[in-house]
Amino acid sequence: MTQLKNLTDADFGEAISAETPVLVDFWAEWCGPCRLVSPILEEIAGEHDAITVAKLNVDENPRIQAQFGIMSIPTMILFKDGVEKKRIIGARPKASIVSELAEYL
């Protein structure tokens, strides 16, 4: 099982500026749907080297949550070169997430 990188307000900007696309999972400990999505994202991270998958706990890092206007979690945002390219809101089955990200995988 691939361990996803945990981001913070401090290292977020550097992480999303990478040349490799970065999928950031905005989540919280108390969020049931977030817990459903987490193992799916770990699978995707393990199967696709073309993207990096990371997590950001919104309770611990409220500045980034506010900056990107995240109102509900889980929200997954794909960044390339620091720019938001794709936003997936809510828990989705693996096939749905993979198809949303297909052009980057």
Side-chain angles (χ1 to χ4, degrees):
M1 198 55 82
T2 303
Q3 187 60 43
L4 304 182
K5 179 173 173 50
N6 283 304
L7 301 178
T8 64
D9 281 348
D11 63 7
F12 184 83
E14 182 184 342
I16 66 165
S17 297
E19 209 171 282
T20 304
V22 180
L23 180 69
V24 180
D25 173 28
F26 293 84
W27 71 286
E29 204 68 56
W30 49 265
C31 167
C34 298
R35 288 198 296 274
L36 293 175
V37 166
S38 191
I40 294 170
L41 294 177
E42 287 174 9
E43 279 181 37
I44 292 170
E47 293 166 5
H48 299 279
D49 293 334
I51 66 167
T52 300
V53 182
K55 298 168 74 79
L56 183 102
N57 184 318
V58 296
D59 288 340
E60 295 170 4
N61 302 282
R63 188 173 62 82
I64 298 295
Q65 176 187 8
Q67 182 180 336
F68 288 95
I70 293 172
M71 300 297 170
S72 62
I73 53 173
T75 292
M76 293 151 273
I77 301 180
L78 184 89
F79 295 93
K80 179 145 177 38
D81 299 319
V83 178
E84 179 178 332
K85 299 290 188 182
K86 178 87 62 180
R87 187 176 287 221
I88 303 168
I89 299 171
R92 304 258 193 99
K94 181 179 176 183
S96 172
I97 294 171
V98 169
S99 77
E100 287 272 356
L101 301 174
E103 65 189 282
Y104 299 99
L105 299 176

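Hydrophobic clustering, with ILVMFWY side chains joined whenever heavy atoms are under 4.5 angstrom apart, keeps V24 apart from V53. Cluster membership for V37 and V98, using ILVMFWY side-chain heavy atoms within less than 4.5 angstrom, is shared. Grouping the Ile, Leu, Val, Met, Phe, Trp and Tyr side chains by contacts below 4.5 angstrom, directly or via other members, places L41 apart from F68.
You'll find the side chain of V58 stays beyond 4.5 Å of the side chain of W27, heavy atoms only. The side-chain heavy atoms of C34 and K55, taken from C-beta on, include no pair separated by under 4.5 Å. In this structure the side chain of D59 reaches within 4.5 angstrom of the side chain of W30, judged on heavy atoms. Put simply, the side chain of L105 does not reach to within 4.5 Å of the side chain of P21, judged on heavy atoms. Counting heavy atoms from C-beta outward, F12 and L56 have side chains that approach closer than 4.5 Å.
Note that the CG atom of N6 and the CG atom of D25 stand 10.0 Å from one another [nearest 0.5 Å]. To the nearest 0.5 angstrom, I44 atom CD1 is 7.0 Å from I51 atom CD1. Note that CD of E60 is 12.0 Å distant from CD of Q65, once rounded to the nearest 0.5 Å. Separating the OG1 atom in T8 from the CG atom in N61 is a distance of 5.5 Å, to the nearest 0.5 Å. In this structure, I97 CD1 and I88 CD1 are separated by 6.0 Å, a value rounded to the nearest 0.5 Å.
Summarising the geometry of A50 relative to T20, their closest heavy-atom pair is O-CG2, 3.2 Å, with the distance given to 0.1 Å. The minimum heavy-atom distance between N57 and E29, with the atom names listed, is ND2-N, 4.3 Å.
None of R92, K85, K94 except one satisfies the salt bridge (charged side-chain N to carboxylate O under 4.0 Å, His left out) rule with E100; the exception is R92.
Between the side chain of S99 and the main chain of S96, a donor-acceptor pair closer than 3.5 Å is present.
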Compile the donor-acceptor pairs under 3.5 Å between side chains in residues 69-84 and protein atoms, sequence neighbours left out, one pair per line.
{"from": "T75", "atom 1": "OG1", "to": "S72", "atom 2": "O", "distance (Å)": "2.5"}
{"from": "K80", "atom 1": "NZ", "to": "E19", "atom 2": "O", "distance (Å)": "3.0"}
{"from": "E84", "atom 1": "OE1", "to": "R87", "atom 2": "NH2", "distance (Å)": "2.9"}
{"from": "E84", "atom 1": "OE2", "to": "R87", "atom 2": "NE", "distance (Å)": "2.9"}

